[in-house]
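See structure below.
No hydrogens, no waters, no symmetry mates; every other heavy atom, side chains included, goes into these values. In what follows, chains are A, B, ... by sequence order, proteins preceding strands, each numbered from 1.
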Amino acid sequence: MAIETPKAIRGTQDIFGAEAEAFAHVVETFERVRKLYRFRRAEMPVFEKTAVFSRSLGETTDVVSKEMYSFDDRGGESLTLRPEFTAGLARAFLTNGWQQHAPLKVATHGPLFRYERPQKGRYRQFHQLDAEIIGAAEPQADVELLVMADQLLHELGISDGVTLMLNTLGDAQSREAWRAALVEYFRAHAGSLSEDSQDRLERNPLRILDSKDPRDKPFTADAPKIDDFLSGEAQDFFGQVTAGLKAAGVDYVRAPALVRGLDYYRHTAFEFVTDRLGAQGTVLGGGRYDGLIETLGGAHTPAVGWAAGIERLAMLVADASIAREPEALVILPDGPSAILKASALAAYIRRRIPQLIKKIDRDRWNRDFAIDDASIDGTFADNDEMFGFAGGVELSFKHNQRKQFDKAKRDRASVIVTVRDDGDPSSRTMLVSSHRTQKDLALGALGMHSLWSLIEIELGESEYSLARDTRIILPE
RNA sequence: GCGAUCGUAGCUCAGUUGGUUAGAGCGCCGGUUUGUGGUACCGGAGGUCGGGGGUUCGAACCCCCUCGAUCGCCCCA
């Protein structure tokens, strides 16, 4: 009887290789930018009491009413796997006395769970980056978050084709008045609306504006505009947000129909949208949620935040082939007698490389900046590559020599070093086809190839003497 | 939750009026050759044709159910 291999759960993914590199690249870039903007790091549990989400998101929202992974634990308590970050973060803010840090700039990332129909860029276990400012009513907080999001996309190299869609929902009064006007307006045309929109009329009338159904289009154009219902304060607030964006040089498009799905949003609402991911075009979205903390029993605490889908960002990164698997220097023991020597060499190089990189960076720094301050403007761009080193040393231990060599090439080795035992007159080093392009080399990129040159010099006449008999095999 | 397309070796796929032991490339394992490893060649392992049921003398190919993926709707990151 054959043993059946259990299958992965629907909507989950196993990420590997280039995709995993892209995923990690997104997270690493986020961490760097988050520190740059001085957002503090937080980690929260993956599950909470169900009430944390049902109360803050709104009972009637799709997320709460049909997409949550909820279950009773052994004590009979209803728990839920987090479908989003904000509610759990708000709960943590209240239960840990984080109020003392307000306005608190926090960031986190990790897995979230939603029972939805899987599609490209949409999974049941998915991952988000998240940034929030809790306890700040100032529009400058909204601006800070948006500028940070914009920089993140730029640093990921995927800002082309991504547009910031911006809207305001006004304060609670403005939003309510607008909502009432919309209901009245659409109710007059209810008979002509799509079934979906007739349903939305009761549950979430704002969303009718977003409808893609051609039957709704004629009515959405003439629907009441939020701008006509904004209070003076709400107008002023939005004006300060847009002025802040202009001052920081962040482009946006006013999207009066943009409405976020969750009940807690007020004032600023925004999405960064791309047309390259089909129906899942929203890559980062968020807004202000001044009422949320109160729904969890806290004092009135204004807050803003956004979340971004790591999978979606990673797909854009992969399309732009920005993230590469690290290049390799491969060390092959040439026969069993050379195994120990090869591992000694690998250990030496691996320990030495971080110091060499520091030394190179320091030398370049001195060369570029110490000589002439006036040159600073021009040197930053030139030096982008020097911080991008991603290389590794692979010590091969497969027994078949031929396979070792073939595998090294498949793994895109920049340098292959074979090691033979002492006393073997044919001891030699081989440099095999550098896979870096001419352009990379011309830029003086810090690759495995150039690092190996330094190591060769260091080794000199040592016991390895690997630089002798060097042979270079040119790329095809 | 609704609609559409699809599901054949590890990967990419071929395989129609349903008919003998289901194929290719790449990968994997072994070997030969090449003046020392980028080549070429030989051989081998590996497939419940997503799963279950049905129609039929006989189905990878037809029908039903089911699971999964993809695309769209809904919703959202």
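The distance between atom CG of A:N204 and atom C1' of B:C76, rounded to the nearest whole Å, is 12 Å. Put simply, NE2 on A:H109 is 19 Å from P on B:A77, counting in whole angstrom units. Between A:I310 atom CD1 and B:C76 atom C1' there is a gap of 16 Å when expressed in whole angstrom units. Distance, A:D275 CG to B:C71 C1': 17 Å, rounded to whole Å. With rounding to whole Å, A:E84 atom CD is found 14 Å from B:C75 atom C1'. Per the geometry, OH belonging to A:Y265 stands 10 Å off C1' belonging to B:C76, to the nearest Å. In this structure, A:Q128 places its CD atom 14 Å from C1' of B:C75, rounding to the nearest Å. Taking atom CD on A:Q119 and atom P on B:G3, their separation rounds to 15 Å, with Å as the unit.
The C1' atoms of B:C11 and B:U21 are separated by 26 Å, rounded to the nearest whole Å. For the C1' atom pair drawn from B:G7 and B:C61, the interatomic distance equals 14 Å after rounding to whole Å. A gap of 14 Å separates the C1' atoms of B:C26 and B:G46, to the nearest Å. Only the C1' atoms considered, B:G50 is 43 Å distant from B:U33, to the nearest whole Å. For the C1' atom pair drawn from B:A24 and B:G19, the interatomic distance equals 23 Å after rounding to whole Å. Spacing of C1' atoms, B:G18 relative to B:A59, comes out at 5 Å, to the nearest Å.
Mapped onto RNA chain B by nearest heavy atom, A:K120 and A:A8 fall at different nucleotides, with A:A8 at the one closer to the 5' end.
Of the residues in residues 190-200 of chain A, those with a non-hydrogen atom less than 4.0 angstrom from any atom of RNA chain B are A:D196, A:R200.
Contact annotation: A:K212 side-chain N/O to B:C74 OP1/OP2 distance is under 4.0 Å. Distances shown here put every side-chain N or O of A:R117 at or beyond 4.0 Å from the OP1 or OP2 atom of B:U70. A:R10 has a side-chain polar atom (N or O) that falls below the 4.0 Å cut-off from OP1 or OP2 of B:G68.
Applying the salt bridge (charged side-chain N to carboxylate O under 4.0 Å, His left out) test to residues at least two apart or on different chains, the pairs with a partner in residues 279-293 of chain A are A:D142-A:R288, A:R288-A:D290.
Heavy atoms of A:Y123 sit under 4.0 angstrom from at least one base atom. Residue contacts shown for A:G281 are absent, as no nucleic acid heavy atom lies under 4.0 Å away.
Paired runs in RNA chain B that reach 3 or more consecutive Watson-Crick or G-U pairs, where each pair keeps both distances under 3.5 Å, cover B:1-7 with B:67-73, B:10-13 with B:23-26, B:28-32 with B:40-44, B:50-54 with B:62-66.
Between A:Y265 and A:Y289, the ring planes are perpendicular. Angles over 60° get that label, and only those under 30° would be called parallel.
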Name every donor-acceptor pair, under 3.5 Å, that has one atom in a side chain of residues 181-188 of chain A and the other anywhere in the protein, sequence neighbours excluded.
{"residue": "A:Y185", "atom": "OH", "partner": "A:F219", "partner atom": "O", "Å": "2.8"}

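For the ring-ring contact (aromatic ring centres under 6.0 Å, His included) test, residues two or more places apart in sequence or in another chain that qualify with A:Y115 are A:Y69. Looking at residues two or more places apart in sequence or on another chain, you find no ring-ring contact (aromatic ring centres under 6.0 Å, His included) involving A:H109.
A:R175 places no side-chain N or O within 3.5 Å of a backbone atom of A:G170 that could act as its donor or acceptor partner.
Remark: the A:R122 side chain and the B:C75 base include a donor-acceptor N/O pair separated by less than 3.5 Å.
Taken from CG in A:D199 to CZ in A:R207, the straight-line distance is 13.0 Å, to the nearest 0.5 Å.
More than 12 non-hydrogen atoms from other residues, nucleotides or ligands lie less than 6.0 angstrom from CD of A:E67.
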